[in-house]
Amino acid sequence: MTETQRDLLSAGFSLTLIALAAFVTHRFFLPLIWAGILCVATWPLYVRMRQRFGRHDLIAAAVLTLLMAAVFIVPVLLGVTQAAQQAPELANYVVTANTDGIPVPVFIHHLPVIGEAITDWWQATLSQPHGLAHLMSERQINGFHSASDMLKVAGVGFMHRLVDFGLAFLCLFFFYKDGEVLNRQISALGSHWLSPQRWQHYAEKIPTAIRATVNGLVLVGLAEGVLIGIGYALAGLSSPALWAAATGILAIIPFGAPLAFLSAAGVLAFNGALPAAIAVVVWGSIVLFVADHFVRPGIIGNATRLPFLAVLFGILGGVETLGLVGLFIGPVVMVLFVTLWHEAHPANTQDVGSPVAKPR
């Protein structure tokens with residue numbers, strides 16, 4: 001057997017093992033990615049905590065993992081508690097609405113162009129006794145024939161997400177505990193395939209991009225929830241804290257915040273508070289415009305030195321192709337792409353943050 005044939009067999013063997021490992025573990029890629037993002041974003045906090053615990057990696061990793069889990073679990077528990085408290089009232093409203101029918105809200109009559117069509121449809125369906133049950137049971141909604149079908153699918157999806165949630169934090173614990181060893185192994189592998197200098201140049205970009213994206217998306221989204229939540233409280237919306245929490249979570253996703261505050265405005269309008277509904281829409285739009293066009297791109301772009309369009313396309317393209325995790329992967333990909341671009345055009349590297357380099 002020649003040396004070339006031996007190299008080909010060795011490469012084929014390695015690729016086969018990689019493919020088999022990916023096939024066996026592909027179900028767990030998403031929890032691994034989430035754990036990796038959280039680990040990189042919070043690694044400086046872990047380093048400080050490890051120093052506080054006298055460099056006991058196991059204790060520091062366990063404590064910080066529990067803290068990170070609490071950051072996600074506590075808001076969910078509060079939301080579930082609030083929802084459970086209002087569940088009897090909601091159930092009573094649904095029963096009454098189904099028995100007696102739902103009258104057409106006053107503001108729908110005044111809607112231009114579409115108001116009359118919506119009114120006619122509403123009176124023929126929802127305003128009729130048992131119209132709500134008829135609509136939910138006999139009409140196909142998003143591919144489901146009944147509300148029970150939707151609940152079953154939602155329940156299965158919730159259990160899958162719960163398993164992914166637990167696996168992500170289990171992986172996060174081991175990423176904290178063995179992070180330095182894993183980083184050295186990855187660096188050795190990257191330096192083997194690329195030159196050490198080039199690998200180091202790219203490797204430095206990834207943590208900065210992830211931390212900037214987490215700050216720009218998560219922290220800004222939560223701030224949007226707080227500000228818009230103040231508008232909910234002033235508008236007299238019931239359970240403004242619950243609505244604010246939902247808005248903050250949805251605001252992390254592009255175009256998610258409008259879904260929240262438009263729904264809140266719809267509730268206000270349905271209850272006859274049309275001026276308050278308009279005020280909520282106006283205030284939410286102002287907060288959203290400032291956050292999405294100035295604050296969020298500024299935080300991400302300034303830290304990563306990306307042009308505005310690269311930040312925008314990274315976020316939107318990432319979420320479109322990869323879902324929620326793409327919010328964080330998209331900007332990282334754009335950072336690496338822009339780094340490659342300036343590698344090919346070294347004359348432009350002095351002005352990385354501008355779409356067009358300054359002339360010399």
Side-chain angles (χ1 to χ4, degrees), residues 17-81 153-190 203 206-215 217-219 221-222 245 248-250 252-253 318-319 321-333:
L17 283 182
I18 294 172
L20 287 174
F23 176 74
V24 171
T25 61
H26 75 278
R27 169 65 182 81
F28 310 109
F29 282 174
L30 191 60
L32 280 170
I33 292 173
W34 278 117
I37 291 171
L38 283 175
C39 181
V40 172
T42 58
W43 185 258
L45 180 60
Y46 168 71
V47 172
R48 291 195 295 268
M49 184 168 290
R50 186 178 59 177
Q51 292 173 349
R52 184 178 296 273
F53 283 102
R55 300 191 65 81
H56 291 288
D57 296 354
L58 192 65
I59 298 176
V63 171
L64 188 55
T65 301
L66 291 175
L67 287 176
M68 289 296 102
V71 167
F72 290 89
I73 292 173
V74 171
V76 172
L77 289 179
L78 292 176
V80 170
T81 302
V153 173
V156 172
F158 175 77
M159 291 305 299
H160 280 299
R161 297 296 179 271
L162 193 62
V163 171
D164 287 346
F165 183 84
L167 287 174
F169 283 99
L170 179 64
C171 296
L172 180 63
F173 167 76
F174 286 101
F175 283 174
Y176 283 143
K177 186 176 75 70
D178 303 320
E180 291 183 343
V181 175
L182 183 61
N183 182 57
R184 287 196 296 268
Q185 293 173 346
I186 294 174
S187 296
L189 185 63
I206 296 176
T208 302
I210 291 178
R211 289 169 193 148
T213 305
V214 169
N215 292 336
L217 294 177
V218 178
L219 298 184
L222 296 178
I249 294 172
L250 288 173
I252 298 173
I253 307 169
V319 74
T321 54
L322 299 173
L324 186 59
V325 74
L327 287 171
F328 306 94
I329 295 179
V332 173
V333 172

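- Pairing each heavy atom of L64 with each of L45, the nearest pair is CD1-CD2, 3.6 Å.
- Considering only heavy atoms from C-beta on, I206 stays 4.5 Å or farther from V40 through its side chain.
- The only option from V325, L172, T42, V332 that meets the side chain to side chain contact (heavy atoms under 4.5 Å, CB included) definition with I37 turns out to be V325.
- Scanning for salt bridge (Lys or Arg N to Asp or Glu O under 4.0 Å) contacts around R211 gives an empty result, with sequence neighbours left out.
- Note that CD1 of I210 and CZ of F328 are 10.0 Å apart. Values are rounded to the nearest 0.5 Å.
- In this structure, T25 OG1 and F23 CZ are separated by 10.5 Å, a value rounded to the nearest 0.5 Å.
- If you take CD1 on I33 and CD1 on I329, they are separated by 4.5 Å, rounding to the nearest 0.5 Å.
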Test log, rule side chain to side chain contact (heavy atoms under 4.5 Å, CB included), inputs V63 and Y176
CA-CA 10 Å; V63 171; Y176 283 143; over 6 Å; no

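- Annotation: salt bridge (Lys or Arg N to Asp or Glu O under 4.0 Å) contacts of D164 (sequence neighbours excluded): R27.
- Of all non-hydrogen atoms in L327 and I252, the two that sit nearest each other are CD1-O, 3.6 Å.
- Annotation for G179 and W43: closest pair CA-CH2, 3.8 Å, computed over non-hydrogen atoms.
- Considering OG1 of T65 and CZ of F174, their distance stands at 9.5 Å, rounded to 0.5 Å.
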For the pair L38 and F169, evaluate side chain to side chain contact (heavy atoms under 4.5 Å, CB included) and give the outcome as yes or no after the intermediate values.
CA-CA 9 Å; L38 283 175; F169 283 99; 4.3 Å; yes

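- F53 contributes atom CZ, which lies 11.0 Å from atom OH of Y46 (distance to the nearest 0.5 angstrom).
- To the nearest 0.5 angstrom, L32 atom CG is 8.5 Å from L167 atom CG.
- Remark: aromatic rings of W34 and F165 are distant, center separation not under 6.0 Å.
- Taking every heavy atom of both residues into account, A168 and A35 meet most closely at O-CB, 3.3 Å.
- For E180, the side-chain hydrogen bond (donor to acceptor under 3.5 Å, both in side chains) partners two or more places apart in sequence, or in a different chain, are R50.
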